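As structure tokens, the structure follows; a few thoughts come after it.
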Protein chains: 2
Amino acid sequence: MSAGDRRRRMSTITDVAREAGVSVATVSRALRGLDRVSPRTRERVLRVAEELDYVASPTATSLASGRTQVVGVVAPFLTRWFFATLVSAIEKTLRQHGHHVLLFDLEDDTYDKRLPLSQNMLWKRVDGVITLNLPMTDAELELVDRLGLPLVAIGTPVADRPNVRIDDAEVMRIATEHLISLGHERIAYVGAVPTNVAHIQTPQARLDAFRETMRNHGLEEHKQWILSSAWTADSAAEDTRELLASPERPTAVAAASDEMAIGVMAAARDQGLRVPEDLSVIGIDDHVHANVLGLTTVRQDVAAQGRIAAEILLRQLGVVGPEPAEQGTSRARTEVIVPTDLVTRRSTAAPG
Amino acid sequence: MSAGDRRRRMSTITDVAREAGVSVATVSRALRGLDRVSPRTRERVLRVAEELDYVASPTATSLASGRTQVVGVVAPFLTRWFFATLVSAIEKTLRQHGHHVLLFDLEDDTYDKRLPLSQNMLWKRVDGVITLNLPMTDAELELVDRLGLPLVAIGTPVADRPNVRIDDAEVMRIATEHLISLGHERIAYVGAVPTNVAHIQTPQARLDAFRETMRNHGLEEHKQWILSSAWTADSAAEDTRELLASPERPTAVAAASDEMAIGVMAAARDQGLRVPEDLSVIGIDDHVHANVLGLTTVRQDVAAQGRIAAEILLRQLGVVGPEPAEQGTSRARTEVIVPTDLVTRRSTAAPG
DNA sequence: CTGAAAGCGCTTACAG
DNA sequence: CTGAAAGCGCTTACAG
């Protein structure tokens, strides 16, 4: 490799020990800030380490301590805004505490399949795992258990592990109530998902909430107005085209995500429909593009979810102390529901 | 940690050796497929390893071999489509060859600053580095050299390291020529960037190409029609609002990225301008939303760039053999220019 | 083709 | 407060 030229032998703990005139054990203790090292010794060790550009080999540290300082972040997709935002927030939070993220994108060829989590991804490679909207199979859960890895789930819950998410029912209730309060009665829903697709079941709670809210207001539910979609703008545009072309069309659409809502708005325009005069559209997320496109939505703070999950995991790893509030608290399963709120923009209005 | 209950002692190479009645050295060789192991022995070892669910501890392997099987992927941001798409493609390619990605998001509080790459992110942690649109400082480059790490740069080139990118000048030339060929003469550009922002200089080549193309066609360049923007849809909408409100407005806008083009389209609509009747807009990228929004653009294959860069790095690491074409080839610096092409959609047309 | 042994560079009881 | 030594679990010459 061409980079080899200027390569230099990095110094090891032995070099530091020799130079500082102490044992490697003492260097190890001094550098990690453990007790039982005299101030003078510590200072000397620190200085020498600095001079020699010494950084402990993580690989050796891991073998000896059993800790890698890395956490596995596992996602069913990566390219979508929601996941990328989570990963970014997690990475930053972990790095502040000297930890790193090993990334696993389990996306497979098709939307409804994904790769399994395997032993060689995790074993002696990570200290813990954060899942992003990823229901785990029994085999995967058993694996994580066997490896003794703490796990925190964002979005889709995983067994009895700590979970950070929004209230999916609440969020769709807010969206639907908003449309109803504007006077809409003919409302369609976009974002149903085939029930056999195990790893994308979040939608179900949203659909249920939509139905319930409609029912509570005595509004009729049209079966053909519950549309499934692959959760992208493109697919949502495609999936709603026919609906919007029909003379019997709804006056509003509640989409289970902003990306789908963006697709619906585009499809409406292509159809010559004005938003919101002819069609109101609401989404969920507050996607980066929601603002500029004037999309009314129910905002969720995605980065906060990533941050919170990372902090919970760090606490389980003993890297950071427990929250004051937690002391003496019951041992109930940790479950953090991040608040959401309606953001009204230009895509919704009273029916024409 | 509650996961500890079902935790089980994982088997080590010693267990396999004992069970198979051979030495650990033989197990090591057999499992890694090295020569000099009799077929019968190899088979027995393989079987025992399987039975014991044996997976070599990467941490021990790394310490002994000096290889970690992980590559560092370094980005100035992560949440944007371009970067997320690259990371996803890189991760998949590396995993096919038993390698993993350790992710570094160098984003800092402000758009024009970023965190530095440090020794403790890389040292004994990764076998190589892939940078995503990240100009490196001299200090960083010196660090990577000192650690002997091969590096492949996607987008912004890094010294004489292998580089994978699109032709930035070409891409903007195509966009500008497209507008000119439709009959536009009053064309604005969005996406200039202050020259002091070291880590986002890609834009400069695009701006230069825009100017040159205009000049070549004898078209006038309005200084106030060269707009800077922070490369997001929101900022572009904000930054062009005034321009579009003016009676002296251009008939077309060339944006240096689709995200900015999306912002421009939105700003135009807010202004009551029709796209493309009153204003043509073209971007660069073929962002996920370009299709549904009808945005004309110059497409680049981002995933391909990630894949190619990962392959080059794997080759440097000796994980995969050289390409046949490379054998006997000159030692010239590797530079892969990924092709781009114009995608005409509904956002561009002849001027009103 | 196979094994014994050194070595990778730390951490962690155990003594003192 | 400090050091000598074992141990983490592999790989890699070196012999045979």
Side-chain angles (χ1 to χ4, degrees), chain A residues 9-46 48-49 52-70 98 119-120 122-125 127 147-148 318, chain B residues 9-46 48-49 52-70 98 119-120 122-125 127 147-148 318:
Chain A
R9 181 176 161 283
M10 303 301 292
S11 37
T12 70
I13 197 173
T14 309
D15 298 325
V16 178
R18 188 187 332 102
E19 205 66 26
V22 295
S23 72
V24 298
T26 298
V27 174
S28 175
R29 290 187 204 104
L31 258 28
R32 286 180 300 146
L34 300 187
D35 312 339
R36 330 224 122 226
V37 177
S38 79
R40 308 182 44 208
T41 305
R42 183 187 306 279
E43 201 185 320
R44 183 149 32 92
V45 170
L46 253 29
V48 172
L52 299 185
D53 263 339
Y54 173 73
V55 169
S57 158
T59 224
T61 301
S62 298
L63 183 57
S65 72
R67 287 263 173 138
T68 61
Q69 317 264 85
V70 355
Q119 178 163 328
N120 82 69
L122 305 176
W123 169 227
K124 288 292 181 189
R125 205 151 240 153
D127 292 342
L147 301 181
Chain B
R9 180 176 162 283
M10 303 302 292
S11 37
T12 70
I13 198 173
T14 310
D15 300 325
V16 178
R18 189 188 331 102
E19 204 67 26
V22 295
S23 71
V24 298
T26 298
V27 173
S28 175
R29 291 187 203 105
L31 258 29
R32 285 179 302 146
L34 299 188
D35 312 340
R36 331 223 122 224
V37 177
S38 79
R40 306 183 44 204
T41 305
R42 183 188 307 278
E43 202 185 319
R44 184 148 33 92
V45 170
L46 254 28
V48 172
L52 299 185
D53 263 339
Y54 173 73
V55 169
S57 158
T59 224
T61 300
S62 297
L63 183 57
S65 72
R67 287 260 172 144
T68 60
Q69 318 263 82
V70 356
Q119 178 162 327
N120 81 68
L122 305 176
W123 169 229
K124 288 292 180 189
R125 205 150 240 156
D127 293 341
L147 301 181

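Source: prediction; values computed, not measured. Letters A, B, ... mirror the listed sequences (proteins, then strands); counts begin at 1. Computed over heavy atoms, backbone and side chain alike; hydrogens, waters and symmetry mates excluded.
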Query raised in the report: For the pair made of NZ in K124(B) and C1' in dC10(C), what is the distance, rounded to whole Å?
Result: 12 Å
Query - Closest approach of T59(B) to K124(A) (non-hydrogen atoms, all atoms of both residues) - result: CB-O, 4.0 Å
Report task. Write down the distance between CG (L34(B)) and P (dC10(D)), rounded to a whole number of angstrom. Result -> 15 Å
**Report entry** Interatomic distance where CZ belongs to R32(B) and C1' belongs to dG9(D) [whole Å]
**Finding:** 13 Å
Query raised in the report: Is S28(A) near enough to dC10(C) that one of its side-chain N or O atoms lies under 4.0 angstrom from OP1 or OP2?
Result: no
Requested in this report: Check whether any side-chain N or O of S38(B) sits under 4.0 Å from OP1 or OP2 of dT2(C), and answer yes or no.
Outcome: yes
Query raised in the report: Considering only side-chain heavy atoms of A25(B), which listed nucleotide, dG9(D), dG3(C), dT2(D), is closest?
Result: dG3(C)
Report summary line: T26(A) has its side chain closest, among dT2(D), dG3(C), dC10(C), to dT2(D)
Requested in this report: Going by the side chain to side chain contact (heavy atoms under 4.5 Å, CB included) test, name the single residue among R29(A), R44(A), R42(A) that passes it with V22(A).
Outcome: R44(A)
Query raised in the report: Roughly how many Å is it from CG in L63(A) to P in dC10(D), rounded to a whole number?
Result: 9 Å
Report summary line: Between G21(B) and S65(B), whichever has its closest DNA chain C nucleotide further toward 5' is G21(B)
Report task. Mind calculating the distance between CE (M10(B)) and C1' (dC10(D)) to the nearest angstrom? Result -> 15 Å
**Report entry** Identity of whatever pairs with dA13(D) - Watson-Crick or G-U, under 3.5 angstrom
**Finding:** none
Query raised in the report: Does dA4(C) have a Watson-Crick or wobble partner in any strand here, with both distances under 3.5 angstrom, and which is it?
Result: none
**Report entry** Proximal nucleotide (of dG9(C), dT11(C), dT11(D)) relative to the T61(A) side chain
**Finding:** dT11(C)
Query raised in the report: Across the strands shown, which category fits T59(A) at heavy-atom distances under 4.0 angstrom: base, sugar-phosphate, nothing?
Result: nothing
Query raised in the report: Separation of L31(B) atom CG from dT2(C) atom P, in whole Å?
Result: 14 Å
Report summary line: Winner on side-chain proximity to R29(B), out of dG3(C), dC14(C), dC10(D), is dG3(C)
Requested in this report: Round to the nearest Å and state the distance from N120(B) atom CG to dC10(C) atom C1'.
Outcome: 16 Å
Report task. Can you spot which of V37(A), I13(A), T14(A), V48(A) makes a side chain to side chain contact (heavy atoms under 4.5 Å, CB included) with V27(A)? Result -> I13(A)
Report task. Round to a whole Å and report the spacing from CD1 of I13(A) to C1' of dT12(C). Result -> 12 Å
Query raised in the report: Between R40(B) and dC1(C), is there a side-chain N or O to OP1/OP2 distance below 4.0 Å?
Result: no
Query raised in the report: For Y54(B), which of L31(B), V45(B), L46(B) qualifies under side chain to side chain contact (heavy atoms under 4.5 Å, CB included)?
Result: L31(B)
Report task. Assign T41(A) to base, sugar-phosphate, or nothing according to its heavy-atom contacts below 4.0 angstrom with the strands shown. Result -> sugar-phosphate
Query raised in the report: How about S38(A) and T41(A): do any of their side-chain heavy atoms sit closer than 4.5 Å?
Result: yes
